[in-house]
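Written below as structure tokens is the structure these notes are about.
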Amino acid sequence: PRFLAENHDLTHIMAGKMDAYEMEQNNPNTVWLDQIYNKYNYLGQMEMGRELFKQLDGRVDAWGCAVGSGATLLGVALALREHGVRPLTFGIVPYGSEVYMDLQKDESDRGEFKKSRVMENLIAAMGLKKWQTEKSIIEEMLENGYPDKFFRVTADDARKMADRLCREEGVYCGMSSGANVCVALKLAARMAPGQNVATVIVDRRDRYLGEYPHDVFIV
């Protein structure tokens, strides 16, 4: 009940991770990849950063995306850093659903956001030993100095942008992608002509049919 009152999504997160952890403990043929704490998650995402550097000839002035585990944002940022590029980095979370980040404003600079207590509460409730001894990707991300900014995006704004991408660009994407493009466009409007703002389209629209069962898009 405590998690249900704090954030409805936490009940699903808690149940799923407990199930995965118990399967790994009790079945020698099971490996839980655990995207929240698995460093190979962000190490694998570094290849995207190398591709981004190559395609934009190193001219990446801003980079960011929605932050769940933090792996995509961190991995790309580290790959750009190994090439000597340090763009403005931005993280994005859905308004009202900041599961792993504590945000007080719709746009926050460094020093105005921090890792939330949610993960510690989950660890205490579930007793996951590996989470007590390892560092989460969110912690790695913050300790490496990323991101420079965090934005909250409403579900309505994210959906409107996803609709627009479907309708105008033929990109059959979901709400996380809509949120990413929302913020990328907001930052692009502040930057100088010729500067590049990069984000990523991360999901498919059909993943959201349960939430929006009557959506119809032909792209």
Side-chain angles (χ1 to χ4, degrees), residues 1-46 48 64-78 91-104 108 113-144 146-147 150-155 158-159 173-180 200 202-213:
R2 174 166 61 91
F3 290 120
L4 187 62
E6 184 175 349
N7 185 313
H8 184 272
D9 290 340
L10 292 180
T11 56
H12 305 293
I13 292 169
M14 185 173 178
K17 295 191 183 304
M18 274 301 295
D19 187 50
Y21 179 66
E22 289 175 1
M23 286 179 64
E24 184 179 54
Q25 295 300 304
N26 298 321
N27 188 334
N29 296 319
T30 298
V31 176
W32 176 24
L33 296 182
D34 187 11
Q35 66 170 347
I36 305 296
Y37 278 74
N38 187 342
K39 69 176 183 179
Y40 294 102
N41 189 1
Y42 72 80
L43 292 176
Q45 299 285 2
M46 290 181 69
M48 188 192 307
C65 61
V67 172
S69 69
T72 301
L73 191 149
L74 177 59
V76 170
L78 290 177
I92 304 164
V93 293
Y95 191 86
S97 299
E98 309 87 62
V99 175
Y100 302 123
M101 297 303 304
D102 182 13
L103 307 178
Q104 302 301 318
S108 304
F113 56 81
K114 60 184 178 180
K115 183 172 72 74
S116 75
R117 297 285 303 172
V118 168
M119 186 58 71
E120 285 82 355
N121 293 340
L122 285 172
I123 292 170
M126 292 187 286
L128 296 184
K129 293 181 181 179
K130 64 186 297 183
W131 284 10
Q132 296 170 354
T133 58
E134 299 175 13
K135 191 177 295 184
S136 72
I137 296 174
I138 291 286
E139 292 172 291
E140 296 271 7
M141 178 185 74
L142 295 175
E143 288 179 9
N144 273 277
Y146 305 110
F150 251 110
F151 292 84
R152 292 191 295 203
V153 177
T154 67
R159 188 184 183 203
C173 64
M175 311 316 155
S176 294
S177 298
N180 286 353
V200 61
V202 295
D203 53 2
R204 306 185 317 272
R205 186 62 175 244
D206 58 296
R207 292 180 58 195
Y208 297 85
L209 289 178
E211 297 176 56
Y212 307 106

**Item:** CG on N27 to CD on E22, rounded to 0.5 Å
**Value:** 12.5 Å
**Message:** Within this structure, what is the CD-NZ distance for the pair E143 and K115, rounded to the nearest 0.5 Å?
**Reply:** 9.5 Å
**Item:** Atom pair CG (L73) and CD1 (I137), whose distance is rounded to the nearest 0.5 Å
**Value:** 11.5 Å
**Prompt:** Are side-chain heavy atoms of M141 and P147 found at a separation under 4.5 Å?
**Reply:** yes
**Request:** Kindly give the heavy-atom pair with the smallest separation between S136 and Y37, and that separation in Å.
**Result:** N-CE2, 3.5 Å
**Request:** Decide yes or no for D34 and E24: does some side-chain heavy atom of the first lie under 4.5 Å from some side-chain heavy atom of the second?
**Result:** no
**Item:** Between OG on residue S177 and CG on residue D203, distance to nearest 0.5 Å
**Value:** 3.5 Å
**Item:** Heavy-atom closest pair, residues A71 and Y42
**Value:** O-CB, 3.5 Å
**Message:** Any heavy-atom pair between the side chains of Q35 and L33 that's under 4.5 Å?
**Reply:** no
**Prompt:** Looking at side-chain heavy atoms only, is the closest gap between I138 and V67 below 4.5 Å?
**Reply:** yes
**Asked** Can any side-chain N or O of N180 pair as donor or acceptor with the backbone N or O of A66 at less than 3.5 Å?
**Response** yes
**Complete:** Shortest non-hydrogen pair, F113 vs M101, comes out as CD1-CE, 3.8 Å
**Message:** Side chains of N144 and L74, heavy atoms from C-beta outward: is any pair under 4.5 Å?
**Reply:** yes
**Request:** Can you measure from CE (M23) to CG (N29) and round to the nearest 0.5 angstrom?
**Result:** 10.5 Å
**Prompt:** When rounded to the nearest 0.5 angstrom, what distance separates CD in Q104 from NZ in K114?
**Reply:** 7.5 Å
**Request:** Would you check, one step at a time, whether the test side chain to side chain contact (heavy atoms under 4.5 Å, CB included) holds for V202 with C65?
**Result:** CA-CA 9 Å; V202 295; C65 61; 5.6 Å; no
